[in-house]
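Below is one structure; the comments refer to it alone.
Quick caveat: nothing in here was measured; it's all calculated off a predicted structure. Numbered from 1 within each chain, the chains take letters A, B, ... in sequence-line order.
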Protein chains: 2
Amino acid sequence: MARSTMQQRMLGALRPADLEAEPERWQQQKSTRTRLRIVEAAIACLLGGGYAGLTTHRIAAHLGISRGAMQHHFPTRDDLVAAVVEHVFYARMRLFLDDYLSGIAQAGEDNLVEIATAAHWRSMQSEEYAAYVELAVAARSDAALRAVFEPAARRYDEVWVSEMIESFPQWRARWEAMKLASDFVTCAHLGMLLQRPTFGDARIEQLNGLVSDVVRGLYHA
Amino acid sequence: MARSTMQQRMLGALRPADLEAEPERWQQQKSTRTRLRIVEAAIACLLGGGYAGLTTHRIAAHLGISRGAMQHHFPTRDDLVAAVVEHVFYARMRLFLDDYLSGIAQAGEDNLVEIATAAHWRSMQSEEYAAYVELAVAARSDAALRAVFEPAARRYDEVWVSEMIESFPQWRARWEAMKLASDFVTCAHLGMLLQRPTFGDARIEQLNGLVSDVVRGLYHA
DNA sequence: ACAATAAAAGTCCGATCGGATGGTTTTTTG
DNA sequence: CAAAAAACCATCCGATCGGACTTTTATTGT
């Protein structure tokens, strides 16, 4: 499996429309760059103040541009939120793939499951995944956000599942068990992320060992 | 284990100060009742609009009292948030205990671990636990909330762990494994709760079976 | 070069936030 | 019954939110 093939396929299916334009026109190039900077500033505000801190005022101040400029690129706040959601899912996938594929390149393809599990846990420490958590929880009580978030989440999930089947041929005979293992790791790691401030690192590390054992058990069952 | 003993011990350690007063004076009784109604209305707003929706205006409107009355009972918003945090942890423990102890009363004490696991998952469907999730995530990016939330979370965890040791004598020889199982169920269920909108009920049900298997495996190891 | 277009800036508005203040009703107390 | 205290109510204030608007600057097309 060539590294570029897998990356291209998974990221291409999630890439926001913004980033697909060719940089022919100078102004268009400038525009897409500013849009990206706005989205990144929005994520910074999301991390700094939660979904409630995702305000047009703060984003503009954080980026040092006027609110009028922001309004030119994102006419309404909902447009910006939609772009942030797209970007967060894309970045989440990209971060995992970078870690996972470099892990394979370094450690070989003997323990793909262990490499993937460890990469998944590391990718959850990222700011992008923290932004995902903020959005996922906010979507539970914000209908407008949910209307944007849930379709993106399902799209991400579909890409994830189909690529799992593609990338782990040794599981192909029991791809139901593999899907279960994948779902399990996702849920366990997410819960561990949120409970870590309460449990502390030592207990979380024990849980990481348990999660690995369970995945190994599913693989050899 | 008498039902009242366990309830008394665990809930007593978490009971908010409000609910401990004796109803001697009529006015004091009225006051504590109003405080409780305000906290419950606050939780309703928390569920309806997330932590950002937890505003003094909305709470007063939802309850039908004036903001001045609210300000009499909770001089500042932070005081109210602190009371909400206390109440959420208390209600979370109470809900689990109700389900768990009635499960024991109905099904006997043969499968305590299975009963506890199922009761834990059911208690997570409650509104009080949804409020806990909102607060836990908001505390990640709100220092003022975190200063109130994390100590309460640790207190809840300490009560939980010590009571686990007390209540499952058959695990006593390997109480480290039991603590690991408890942490595991907490994290797995929390992740499942947040991923359910994406995964759907069928996959979550499969995960529930896997979680039960893992806990059984830890028990018989 | 010059009109058209895109990007960015600056300003105003209504709504709502948390907090503060002063007045009213109800209960307790002497 | 009258004074004190507690519970409750009605507004006002400064700050900040999202959105609409006009103006200025930079780039593009002819």
- Query: With sequence neighbours left out, what residues match B:R58 under side-chain contact (heavy atoms from CB on, under 4.5 Å)?
  - Reply: B:C45, B:T55
- A:A69, nearest nucleotide to its side chain (from C:dA8, D:dC9, D:dA7): C:dA8
- In numerical order, the residues of residues 136-149 of chain A whose heavy atoms come under 4.0 Å of DNA chain C are none
- Query: So how far is it from B:E128 CD to B:L95 CG, rounded to the nearest 0.5 Å?
  - Reply: 5.0 Å
Distances for protein N/O vs nucleotides 20-22 of chain D N/O pairs under 3.5 angstrom?
residue: D:dA20; atom: N7; partner: A:Q71; partner atom: OE1; Å: 3.1
residue: D:dA20; atom: N7; partner: A:Q71; partner atom: NE2; Å: 3.4

- Query: Is the distance from OP1 or OP2 of D:dA7 to the nearest side-chain N or O of B:H72 less than 4.0 Å?
  - Reply: yes
- Query: Does a nitrogen or oxygen in the side chain of B:T34 sit under 4.0 Å from OP1 or OP2 of D:dA7?
  - Reply: no
- Is atom CD of B:Q206 surrounded by more than 12 heavy atoms (other residues, nucleotides or ligands) closer than 6.0 Å? yes
- Item | Over 12 non-hydrogen atoms of neighbours within 6.0 angstrom of CD in B:E176 | yes
- Look at B:H73 and D:dA6 and indicate whether a side-chain polar atom (N or O) is within less than 4.0 Å of OP1 or OP2. no
- Report yes or no: do A:T56 and A:R77 form a side-chain donor-acceptor pair below 3.5 Å? no
- Item | Whole-Å gap separating C1' (D:dT24) and CD1 (A:I65) | 16 Å
- Note on the structure: Sorted by chain and number, sequence neighbours left out, side-chain contact (heavy atoms from CB on, under 4.5 Å) with B:R154 holds for B:E150
- Residue of the set A:Y156, A:Y51, A:Y132 for which ring-ring contact (aromatic ring centres under 6.0 Å, His included) holds with A:F149: A:Y132
- Mind calculating the distance between CD1 (A:I38) and C1' (C:dA8) to the nearest angstrom? 10 Å
- Item | Separation of C:dA20 P from B:M70 CE (nearest whole Å) | 13 Å
- Can you label the angle between the A:W121 ring and the A:H189 ring as parallel, tilted or perpendicular, going by 30° and 60°? tilted
- Between A:M70 and A:I59, what is the shortest heavy-atom contact and its length? SD-CG2, 3.7 Å
- When rounded to whole Å, the CZ to C1' distance for the pair B:F74 and D:dC9 reads 18 Å
- Kindly state which residues belonging to residues 53-60 of chain B come within less than 4.0 angstrom of DNA chain C, counting heavy atoms of the residue only, listed by number. B:L54, B:T55, B:T56, B:H57, B:R58
- Item | Counterpart residues, side-chain contact (heavy atoms from CB on, under 4.5 Å), relative to B:V148 (two or more places apart) | B:A82, B:V85
- Using atom CG of A:D78 as one end and atom P of D:dG18 as the other, report the distance to the nearest whole Å. 10 Å
- Item | Nearest heavy-atom neighbours spanning B:H120 and B:S123 | O-OG, 2.8 Å
